[in-house]
Structure formats: C-alpha cells, structure tokens
Amino acid sequence: MSIKYVPKELPIDDNVNVTRRHPLKNFIYLLGTVVIISIIIFVLLGYTASWLATRIGADNEIRVGKLLYNTISETEVIDDRRIYYLDELLHDMLDVDEIARLPLTIHLLDTEIVNAAIMPGGHVLINTGLLQKVKSENELAFILSHELGHFQHQDPLKSLGRSLVVVSALAAVGIGTSSSSGGLSDIVSWTGELTILHYSRNQETKADEYGLARVINHYGHGGHSLDFFNGFQKFEDGERQLSQVSQYFASHPENQERIDYLNTLAVQKGWNMEGELTSLPDWIHCPDMDEEQCEAEN
Amino acid sequence: MENILQISLVLFLLILGYFFGSYREKRHFRNLQLREKQVLNMPIANIGRNLPADITETKLVVGIVVISIDYFKKISAMLRNLVGGRITVYESLLDRSRREAILRMQEEAMEWGASQVLNVRLETVAIGGRFGGKTDPGSIEVIAYGTGIK
Ligand SMILES: [Zn+2]
C-alpha cells in the first residue's frame, strides 16, 4: 500500500488553534470584569456582614473582643496610675445619662508608635507613644471620645464583619492559598492587616462629631482639643518617619480636612472653640517605676 | 509601603512579560513559518500499520521543545480562571510548542535522509510552576516522535 502525500502550505494568518484576540485587550477585559464583579460582591457582602456583626449580642461581642485582644503582641503596661487616669478621663467623657454599650477597659500598650484604637468588647488601646505626643488633656479627651464614638456606633464590629468577609472571599477564590500568588503566608498577613480595623470615612466623621460633642459637653469649650492633629501633621512632614505614621492616622481622613470640618460644625452648633487649656498630669510620660529618673529627665 | 513594593513588582513583571513575551512570540511565529516551508516535502502521518513494502531502514526521530510561560500570560490565565472561557494566551503558546516540536522532529528526519515519518505521536508535559513560588511562572514541554523511514 502506498500513501499519497500532497504538500500543503499552512495558512499564515488563519490558524484554527490560536484565537485571534489581542492579548492586551484580553487582559484589560479580564481585569475589568474581575475588578468590577469583586467590588460589587465585596460591597454587598460587606454591608450584609457588618449588619449581621452588630447583631451578635453582648456576650458574643465580649468573647470576640477577648479573642482579638489576645492577638495583640505589644506588651501591656499593668497597674500604672496612667491607666487609672485614662480610665477616669474616658468615663468622664460619657454624657450624664449615657452608658457605654459594654464595660470599657483601658489597655496601655508599651510602644513608640503614636496610636489609639478600639476593639470589639470595649477594649480601648492607648499606646505610650501617644501619651508622649499629646500636649494637653483636651487633646487626649478628644482622642478618647473619638474612640468611644466608634465603640458606641458599633464600628469595630462592623469592620470586623467586613474584614472576615473579605478574607473568606479571597480564600474561596483561591487568592492567597494557591501557589500562584504566594501561598498561605499571604492570607495570614492579610488577615492580620485586616483585623487591624479600618473604618470608613463616614464612620470617622460620625466618631469625630461624637468626640467633639463630648469634649464640649465636658469642658464647655473645644479649645485645644484639635491641636493634636496640627502637631501631628508637623511631626509627620518634618521627620518623614513613615514607620511612625500609625494606622490611626493613615486610616483616618486628612487631618486638615478633619479640623476644618469640625470647626464648621462648631460654628453651626454654636460651640465655643476657644478656651482654657487643661494640662496633663506631670507624670503622664512616666511609668510608676522610674519616677525619679523620669522627673530628672523632665 | 510593603503593598506598594508588591504592586510595583507585579506591575514590573507584567510589563516585562508583555513586551518580551509578545516580541518573542511574534518572532517565533515568523521563524516557524519559514522553517515549515522547508520541510513541506517531508510527509508525516500518524498511522503506523500497513507500512510501505519497500522500506530499507527505520529510525526513531524525536523533537522536543520547552517554552516558558511569561508573567503576563500567567496573570491573564489566572484572571481567566475566575470568569471561565478560553485561555487564548495559552493557545498561542501551545501552538508554538506543538509546531516547533514537530518541526524539530522533521528536521532530524530530513538530516537522516528519511522519505517520510510515520506513526507520529505528540506528548505534552507541564514543567514547574505548579508548586513553584510567586515569580516562577512554569513552562510547557511538547515532545513529538515518530518513525522515520527510508
Ligand atoms: Zn477613628
């Protein structure tokens, strides 16, 4: 048997095995689709999750708070007069007939990072680095009231719900677990990043409004309470220490915008924004232990 | 900061992958067309039975090629995994690999002086990439083999 073979030239531009689509167009189409769908899903899931998270009940919130608090690696300063001072100031900020949703606990963390935060379950975190930077009680009162505002508005729970959704959704899609994007280590770090609660701008504004209202209520004026943000801005621009820029400030609206908004609000409400400075206790920078050493330094 | 670094690394690899990848792909396709014309008269078939009676000599002829995926193709494919459909960026890669492997087999057969290659088979393997790290995109290997006859 013989086989007849007819040489046939291959078509140049019409290869049945290769779909003729520009790779860049293809890429942009894919990226666009994936991004848009992800945003829609995350927004929808995020709202649902934050709505659900605020409905878990007090007992569960305390339990979640304990779990989250245990993930914090900074050493906590215990049995220090600064804690009692902060605790008193925090509770003073509450309105006369207002009660905190849950009992509030102050945790003083020994770290240089200038930051304050609130966690579900009423854990108020204050870094010693923040105490180094505040110049007056008014500033501190505003920061504490701001965090209190987040807590009363259940912001930490909402953010937690949202974070959990984001992490689980990413895991479900396979980003972070597949070898292609770096493996399990990524998802762990992302989880960590996301459990550091980020709030939306809207939540920030509400917390700021609450904070300033409480400050006015307590001192009768808002003078000096916003100085901290001016000071911080200078500090940030001057030294450019990126590691020092804490997430409290990174996740919060631009400082100047914030101050301007609050001043406008004060004018509308007829709040007095001028007034006496209430000074901090001398020992606000000092641990109980090295009192003498500390006084010598000052 | 870390995120910015990560994003710029991904962007850099994407751009690198796109420009180098498509330049090489175009060049390869042109090269394939030229070489395919030269072996046009070397018949190949994937039947193996009922061999011609006048065979004097046979030889196993093999062509192998390994082509790397570039980062751009890989990310495109990853995105495609999420929405489904044809991974067109891999189609061209597989086409190049197949044609190159067959060409190399034919070229080997021509050099040996074969009149045709029968019983041609194609195999494909994915090398690396599956368990590799972030920047290891993996590659595709195609083997073409057949029996050259004189
Ligand atoms: Zn805030």
Side-chain angles (χ1 to χ4, degrees), chain A residues 1-38 41 169-170 172-186 189-190 192-194 198 240-245 247 250, chain B residues 1-3 6 10 14 17-18 21-22 25 29-30 32-33 36-37 39-45 47 49-54 72-83 85-96 98-99 115-116 118 129-138:
Chain A
M1 185 196 124
S2 81
I3 304 159
K4 194 171 176 238
Y5 180 81
V6 185
K8 196 177 81 187
E9 210 165 316
L10 279 157
I12 289 175
D13 278 331
D14 185 32
N15 188 337
V16 74
N17 287 321
V18 180
T19 308
R20 294 194 62 79
R21 183 186 290 165
H22 196 280
L24 212 53
K25 270 187 203 156
N26 174 51
F27 184 80
I28 290 163
Y29 163 78
L30 285 173
L31 196 65
T33 315
V34 169
V35 165
I36 289 167
I37 291 174
S38 317
I41 289 173
L170 286 175
V173 164
I175 296 171
T177 46
S178 72
S179 60
S180 48
S181 65
L184 217 66
S185 58
D186 258 359
S189 71
W190 274 336
E193 249 173 78
L194 290 163
H198 288 270
R240 283 262 162 239
Q241 278 170 300
L242 271 174
S243 61
Q244 293 267 359
V245 181
Q247 30 89 11
Chain B
M1 256 328 256
E2 241 172 87
N3 285 339
Q6 239 169 350
V10 168
L14 271 176
Y18 177 68
S22 39
E25 187 157 284
F29 272 127
R30 273 200 304 271
L32 284 170
Q33 260 153 21
E36 272 165 358
K37 263 179 212 154
V39 295
L40 210 58
N41 288 310
M42 160 68 60
I44 55 171
I47 45 166
R49 282 194 181 183
N50 304 329
L51 292 174
D54 54 348
F72 177 81
K73 282 189 194 297
K74 187 189 164 106
I75 298 293
S76 301
M78 267 176 63
L79 291 172
R80 181 55 86 183
N81 280 338
L82 298 175
V83 297
R86 283 178 296 179
I87 306 180
T88 52
V89 287
Y90 282 175
E91 284 177 0
S92 58
L93 197 72
L94 190 55
D95 190 59
R96 281 162 66 193
R98 174 191 58 92
R99 286 164 69 182
S115 60
Q116 53 184 306
L118 295 179
R130 282 190 205 167
F131 306 102
K134 245 179 212 168
T135 49
D136 170 23

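Here is how names work: the chains are called A, B, and so on, in the same order as the sequence lines, proteins then strands, and each is numbered from 1.
- The contact between A:Asn26 and chain B is made entirely by side chain atoms (from C-beta outward), counting heavy-atom distances below 4.5 Å.
- The distance from the CD1 atom of A:Ile36 to the CG atom of A:Leu31 is 9.5 Å, given to the nearest 0.5 Å.
- Looking at every heavy atom in both residues, A:Val18 comes nearest to B:Phe29 through CG2-CZ, 4.5 Å.
- Using a 4.5 Å cut-off between heavy atoms, B:Ile44 touches chain A through its backbone atoms (N, CA, C, O) alone.
- What you find for B:Ser76 and A:Phe27 is that their closest heavy atoms are OG-CD1, 3.2 Å.
- The candidate with the highest count of non-hydrogen atom pairs below 4.5 Å against chain A, out of B:Arg96, B:Glu91, B:Lys73, is B:Glu91.
- With sequence neighbours left out, the side-chain hydrogen bond (donor to acceptor under 3.5 Å, both in side chains) criterion links B:Arg98 to B:Asp95.
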